[in-house]
Each structure stands twice: as C-alpha cells, then as structure tokens.
Number of protein chains: 2
Amino acid sequence: MHAQVTPLSVPALREACSQCNLRELCLPVGLSPEELGQLDELVDTRRRVLRGQHIYRSGDPFEALYAIKTGFFKTDVLLEDGRDQVTGFQMAGEILGLDGIGTEKHACNAIALEDSEVCVIPFIDLENYSREIGALQHHFHKVMSREIVRDHGVMMLLGIMRAEERLAAFLLNLSQRFTARGYSPTEFNLRMTRNEIGSYLGLKLETVSRAFSRFQDEGLITVHQKHIQILEVAGLKKLLSERRN
Amino acid sequence: MHAQVTPLSVPALREACSQCNLRELCLPVGLSPEELGQLDELVDTRRRVLRGQHIYRSGDPFEALYAIKTGFFKTDVLLEDGRDQVTGFQMAGEILGLDGIGTEKHACNAIALEDSEVCVIPFIDLENYSREIGALQHHFHKVMSREIVRDHGVMMLLGIMRAEERLAAFLLNLSQRFTARGYSPTEFNLRMTRNEIGSYLGLKLETVSRAFSRFQDEGLITVHQKHIQILEVAGLKKLLSERRN
DNA sequence: GATTCACGTTGACGCAGATCAAAGCTCACG
DNA sequence: CGTGAGCTTTGATCTGCGTCAACGTGAATC
C-alpha cells in the first residue's frame with residue numbers, strides 16, 4: 001500500500017527505544033531501565049519517509065502508531081468539496097496515528113514535510129505491553145490526553161483569536177517545542193509553507209504573510225523566507241495577553 | 001471542594017454498569033456479561049449535579065473521569081484576559097474529564113446545563129481494571145481517540161466553514177447524537193443559550209440568531225426559543241457540501 | 001397580572017481579513 | 001546562465017461577520 005516507504009533492516013532496530021535520545025520526550029517516558037529494554041521489542045520496524053510522502057492516508061486501516069524519530073510532519077483533513085485543513089504539525093518524539101484508534105481507520109492524512117524517519121508501533125502490541133507495564137499504560141494515556149488539550153488550544157486559536165494573535169501563538173509554540181528538543185528557541189527554519197500555516201491557523205496565506213511582515217516592521221522577529229528569528233519573545237507574548245476589550 | 005455536589009448513597013450503586021441502559025454507549029461497550037459485572041465496582045459513587053454547577057474546574061487536581069448518566073453539560077476554557085470558549089457539549093453516555101490525564105490537573109471547566117447525574121470513575125481504578133480487562137482497555141482508547149477526531153471536526157468547523165455551515169453542522173451533530181440515544185432526530189430542545197452556541201462555533205450570538213432565522217425563513221427548521229424542529233435534514237446537509245468555489 | 005430579568009431578535013454600520021491582481025524571489029533544471 | 005515553477009509579498013477592493021443599539025419575549029416572582 002505504501003510501496004514508496006522503505007523499511008529499515010531489522011538488525012538496526014534492536015535497542016530501539018533504550019538507546020534513543022528521544023526517550024525523554026517520546027513514549028518511554030517514566031519507564032525503568034528494565035522496562036525500557038522490553039520496549040525495544042515494541043518497535044518492530046522503522047520507516048524512512050521522504051518529503052511529500054504520506055505515512056498514512058485518511059481511510060487507511062489503522063494498525064500502528066508512529067513515533068517520529070527524525071523529521072517533521074503535518075496532518076490534514078479533506079472535506080468532500082475539496083476544502084482542507086491542516087490539523088497539526090508534528091516533530092521528533094511526537095506520536096502520529098492516534099486518530100485511527102476509534103474507528104480502526106485513519107481519520108486524516110500524515111505527510112512528511114521533510115525527509116523523516118518514524119518508528120512503527122503496532123497498536124495491538126502497544127496495548128499488550130501496556131497491560132504489563134503500568135508506567136507505559138499511564139504515559140500513553142497522558143499522550144492521548146495532551147493531544148486532546150492541544151486540540152482545545154487550537155480551538156481557542158481558531159475561535160477567539162485575531163490573525164496576529166494566532167500567528168504569535170503559533171511561533172511561540174514552535175519555539176517552545178524546539179527548545180524542548182535542544183534547538184534554539186529563537187532561531188529556526190519553518191518546514192511548512194505560508195499556505196500550510198494559514199490552513200492550520202484558519203487564515204489565508206496572504207494574511208499570514210502580512211502578519212509576518214508586520215511583526216518584522218515592529219521589530220519582533222526577522223523573516224527571511226522560511227528562516228525565522230525571534231527578537232522579542234516578550235513582545236509576542238504580549239500580543240496574546242493584551243486584548244482590547 | 002465541591003460541597004454543592006451530592007453523592008448518592010452507596011447501596012444504590014451496586015450493579016452500576018451492568019444494569020445501566022447506557023451500557024451500549026458508554027465505557028462498558030464490548031464487554032462480556034462477567035466483565036460487565038466487574039465494572040460495577042469501578043463506579044464508586046454517583047453525583048447529582050444541579051444546573052449551573054461545576055463537576056470540576058480548570059486547575060482542579062485530576063482524580064476521576066465522569067460518565068454522564070443523565071443530563072447535559074458544557075466544557076469551556078477561560079483565557080487570562082477573560083475571553084472564553086466552549087469546547088464541547090456532552091450528553092448521556094459520554095465521558096468527561098479526559099483533559100486532566102495529561103497534566104494531572106483539569107484543563108477546562110465542566111458545567112451542567114441541566115440537572116444531571118454522573119458516575120464517578122476514579123482514574124487509577126480504571127487503569128487497573130483495564131490492565132485486566134482487555135476489552136475495557138481497548139474501548140477506553142477508542143473513546144479517547146474519538147474525542148481527538150471530534151476535536152479535529154471542530155477545528156474544521158472553526159477553520160474553514162462559514163457561519164451557516166457551522167450552525168447546520170452543529171444541528172446535524174446534535175440530531176445524530178439524540179438519535180443514538182433513542183430521541184427524535186428532528187425535534188429537540190437546546191439546553192444551551194445562543195451565546196454558548198456562538199462560543200462553541202466561534203460566532204457571536206447575534207450571528208447565531210440570524211442564522212437560525214435564515215434557516216427558518218428558508219423552511220429548513222422551525223425555531224421557538226430553545227425548541228428546534230428540523231424540517232429538511234437534506235437541506236441542512238446540502239449547506240455543508242455545496243460550496244461556492 | 002404587573003414587574004423584572006435573562007435571553008433572543010433585528011437593524012444599521014464598520015472593520016478584519018478574504019479575494020483579486022500583479023510583481024518579486026529562489027531554486028531546480030536544461 | 002536562462003527559464004520556469006512554486007512560493008511569497010504587497011496593494012486595492014470587497015464582504016461576512018462583529019459591534020452597537022433598540023426592542024421583543026417568556027418565565028419567574030411577588
């Protein structure tokens with residue numbers, strides 16, 4: 001079904017989680033060393049996904065979750081009439097595929113925005129292991145819960161914030177996630193287009209572009225194409241809290 | 001902390017789930033009769049919640065999930081600046097509190113829109129039981145996953161639909177959920193105000209009111225205050241699919 | 001049955017962001 | 001190194017919904 005996706009050779013996979021430098025961010029959080037060893041068997045393959053390729057598509061049968069080892073993804077949903085919306089951007093250590101559990105079919109498309117690598121976690125195995133390893137079970141529940149809370153945050157974005165607030169919140173969120181991964185909080189490259197940002201934020205690409213320009217004029221950030229430098233974190237945060245009404 | 005909430009006497013609780021007529025909608029879905037019997041111990045109390053009362057508030061420590069036995073709720077989130085947004089409306093058989101698992105604190109407020117009754121499910125017990133009962137574990141995962149998918153649907157609403165589409169989608173969603181509970185698909189009373197509908201849909205109450213009036217003028221529905229009758233389901237559905245572009 | 005209060009409806013007007021249009025920038029490819 | 005394609009920026013104009021304001025309505029209370 002996904003012929004374009006290349007599985008890695010099995011030998012490379014032993015000690016998948018226990019040696020992974022993302023284990024403090026990803027599913028293994030909170031496990032003891034022995035439990036971590038058990039988890040190595042949970043990840044049965046890794047897959048390389050080239051930029052533009054799907055890991056799964058809306059409607060595909062759900063079988064596994066995907067932990068992002070390296071790279072950057074977006075998820076989106078298509079309406080019958082052709083309109084679509086980006087529902088999230090995911091980076092290393094985050095889990096893709098949670099949308100498929102409920103109906104046994106994926107409810108969105110997951111697309112690599114750069115060449116990436118994911119760990120395939122067959123869901124049935126995850127459920128089995130989490131019956132044995134309480135810490136895994138609990139952490140998995142936390143991951144799902146946080147996804148729900150994150151979505152509520154996006155609903156707030158879309159429901160009550162104005163364009164510039166949305167973009168400021170978006171940049172601050174990216175900054176924080178890059179920080180957690182050891183990258184610069186203030187300087188990074190966007191992996192997505194203005195159109196994709198707009199789709200995520202419920203705005204048109206022109207509006208996103210104008211907001212970037214406005215932030216730059218005000219000295220809050222510098223923008224060179226996809227390269228963003230945040231000059232005044234506080235200024236962006238102020239945009240979110242200070243509200244005329 | 002919630003002094004206003006009245007726990008029911010314990011004797012009333014034995015056989016909580018196994019006798020509940022919501023067991024086909026709620027957490028016990030897919031359990032065998034014996035497993036169902038085990039579940040009866042999971043629900044340790046029920047609570048009456050009067051209209052306007054909270055089951056929990058944002059920031060409260062997370063300890064339990066709440067299965068709605070009767071009644072109707074909303075969840076909302078407040079921003080520091082006073083703006084707030086309704087993140088969902090919940091009815092019998094649905095689970096409240098999933099937002100608290102990730103951080104051990106509730107991330108929103110849950111408020112009864114009519115006098116209601118909820119089953120209290122201590123989360124630690126749920127995790128314990130679901131380690132023993134695979135079907136419970138799996139169904140709980142489905143419940144969480146569906147919540148994520150539902151939220152994505154709301155994101156689509158807020159991100160790309162126009163006012164009348166949002167309201168049509170809202171009415172159709174209510175209709176479908178009432179149907180699943182054995183009520184009329186075409187005639188029901190709204191438990192929430194125009195303001196609350198607007199907050200959920202990212203619209204102002206005036207816009208909601210105008211859209212209701214417009215639907216009525218077009219013969220799609222009749223509106224008498226909170227009483228709604230859907231005259232043309234197909235007409236509402238058409239609003240969603242037919243899109244000028 | 002008069003009073004009140006929360007909620008809802010309707011109209012007039014304004015504005016944030018959409019839409020339409022044109023031009024610039026960057027990079028891949030022959 | 002010239003060409004083209006995709007992405008981005010910027011300007012001009014339009015419009016759906018927000019805002020403000022006034023009035024209507026039904027249910028509760030006395």
Side-chain angles (χ1 to χ4, degrees), chain A residues 50-52 74 82-86 111 113-115 157-171 189-218 221-228 239 243-245, chain B residues 50-52 74 82-86 111 113-115 157-171 189-218 221-228 239 243-245:
Chain A
L50 297 182
R51 184 181 161 172
K74 71 168 177 182
R83 286 181 288 176
D84 74 330
Q85 174 154 16
V86 172
I111 302 155
L113 295 180
E114 61 184 28
D115 295 354
L157 261 189
L158 295 172
I160 62 182
M161 292 188 185
R162 45 189 53 254
E164 293 189 4
E165 293 179 287
R166 295 184 201 186
L167 191 64
F170 174 71
L171 290 175
N189 283 295
L190 300 172
R191 320 295 150 109
M192 69 295 279
T193 66
R194 302 288 189 266
N195 194 32
E196 287 164 335
I197 296 171
S199 174
Y200 180 61
L201 298 178
L203 302 170
K204 293 293 157 182
L205 66 93
E206 294 95 329
T207 305
V208 173
S209 177
R210 280 186 242 269
F212 271 133
S213 300
R214 189 116 195 284
F215 286 172
Q216 189 162 230
D217 293 347
E218 289 167 350
I221 64 175
T222 64
V223 188
H224 292 112
Q225 340 228 127
K226 311 231 142 150
H227 185 84
I228 301 285
L239 267 179
R243 174 76 167 134
R244 74 238 99 256
N245 76 5
Chain B
L50 297 182
R51 182 179 165 177
K74 70 168 177 181
R83 286 182 286 176
D84 74 329
Q85 175 154 17
V86 172
I111 302 154
L113 295 180
E114 60 184 29
D115 294 355
L157 263 188
L158 296 172
I160 62 184
M161 292 188 185
R162 46 189 52 255
E164 292 189 4
E165 294 178 285
R166 296 184 200 187
L167 191 64
F170 174 71
L171 290 175
N189 283 296
L190 300 172
R191 319 295 149 110
M192 68 295 278
T193 66
R194 302 288 189 266
N195 193 32
E196 287 164 335
I197 297 172
S199 173
Y200 181 61
L201 298 178
L203 302 170
K204 291 294 157 181
L205 67 93
E206 294 94 329
T207 305
V208 173
S209 179
R210 279 186 244 270
F212 270 133
S213 300
R214 188 115 195 283
F215 286 172
Q216 189 162 228
D217 293 346
E218 288 167 351
I221 64 176
T222 63
V223 187
H224 291 112
Q225 341 230 123
K226 310 231 146 154
H227 184 84
I228 302 286
L239 267 180
R243 175 75 169 138
R244 74 238 99 257
N245 76 3

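Just the heavy atoms: all of them, side chains too, but no hydrogens, waters or symmetry mates, feed the values below. The chains referred to below are lettered A, B, ... by the order of the sequence lines, with proteins before strands, and numbering in each begins at 1.
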Query raised in the report: Under 4.0 Å between a side-chain N/O of B/Q225 and OP1 or OP2 of C/dC7, yes or no?
Result: no
**Report entry** Note, B/T193 side chain near B/K226 side chain (heavy atom, < 4.5 Å)
**Finding:** yes
Query raised in the report: CG of B/L113 versus P of C/dC7: gap in Å, rounded?
Result: 12 Å
Query - Partners meeting side-chain hydrogen bond (donor to acceptor under 3.5 Å, both in side chains) with A/E114 (sequence neighbours left out) - result: A/R191
Report task. Mark yes or no for whether A/D115, through its side chain, and A/R51, through its backbone, hold a donor-acceptor pair below 3.5 Å. Result -> yes
Report summary line: What residues 190-200 of chain B contributes to the DNA chain C interface at heavy-atom separation below 4.0 Å is B/T193, B/R194
**Report entry** Exercise: identify the closest heavy-atom pair between B/L157 and B/A169
**Finding:** CD2-CB, 3.8 Å
Report summary line: Sorted by chain and residue number, the side chain to side chain contact (heavy atoms under 4.5 Å, CB included) partners of B/A163 (sequence neighbours excluded) come out as B/L203, B/T207
**Report entry** B/R214 CZ to C/dT9 P, straight-line distance once rounded to whole Å
**Finding:** 16 Å
Query - Euclidean distance, A/L239 CG relative to A/L171 CG, rounded to 0.5 Å - result: 10.0 Å
**Report entry** Atom-to-atom span, NZ of B/K226 to P of C/dC7 - whole angstrom
**Finding:** 7 Å
Report summary line: A/R214 meets the salt bridge (Lys or Arg N to Asp or Glu O under 4.0 Å) criterion, sequence neighbours left out, with A/E164, A/E218
Query raised in the report: Across the strands shown, which category fits B/S213 at heavy-atom distances under 4.0 angstrom: base, sugar-phosphate, nothing?
Result: sugar-phosphate
**Report entry** Residues which pass side chain to side chain contact (heavy atoms under 4.5 Å, CB included) with B/Q225, listed by chain and number, not counting sequence neighbours
**Finding:** none
Query raised in the report: Can you name the side chain to side chain contact (heavy atoms under 4.5 Å, CB included) partners of B/T222, sequence neighbours left out?
Result: B/Q216, B/Q229, B/L231
Query - Nucleotide C/dA6, atom P - distance to CZ of B/R51 in whole Å - result: 12 Å
Requested in this report: Please report the shortest heavy-atom distance between B/D84 and B/S199, naming the atom on each side.
Outcome: O-OG, 3.7 Å
Query raised in the report: What's the CZ-C1' distance between A/F212 and D/dT9, to the nearest Å?
Result: 13 Å
Enumerate all atom pairs, one protein N or O and one N or O from nucleotides 3-6 of chain D, separated by less than 3.5 Å.
none

Query raised in the report: What is the minimum heavy-atom distance between A/G202 and A/L158, and which atoms define it?
Result: N-CD2, 3.6 Å
Report task. Find the distance A/E165:CD to C/dA16:P and express it as a whole number of Å. Result -> 12 Å
Requested in this report: Among residues two or more places apart or on two chains, list those pairs meeting salt bridge (Lys or Arg N to Asp or Glu O under 4.0 Å) that have a residue in residues 192-206 of chain A.
Outcome: A/K74-A/E196
Report summary line: Here the pair of heavy atoms bringing A/G198 nearest to A/V208 is CA-CG2, 3.5 Å
Query raised in the report: Atom CD in A/E165, atom CG in A/L201: separation rounded to 0.5 Å?
Result: 12.0 Å
Query raised in the report: Can you check the B/L201 CG to D/dG18 C1' distance for me, whole Å?
Result: 15 Å
Query raised in the report: Over its full length, what angle do the end axes of the helix from C/dG1-D/dC30 to C/dG30-D/dC1 make, each axis taken from five pairs and the result rounded to 10 degrees?
Result: 40°
**Report entry** Any A/F212 side-chain heavy atom under 4.5 Å of A/I197 side chain
**Finding:** yes
Report summary line: In 5'-to-3' order, the base (B), backbone-only (S) or no-contact (-) status of each nucleotide in nucleotides 12-17 of chain D, using a 4.0 angstrom heavy-atom cut-off, is B---SS
Polar-atom pairs under 3.5 Å, protein N or O versus N or O of nucleotides 21-24 of chain D: list them with distances, or write none.
none

Requested in this report: Send over the distance from A/N189 CG to C/dT26 P, rounded to a whole Å.
Outcome: 14 Å
Query raised in the report: Would you say the side-chain atoms of B/S213 pair up with the backbone N or O of B/S209, donor to acceptor, closer than 3.5 Å?
Result: yes
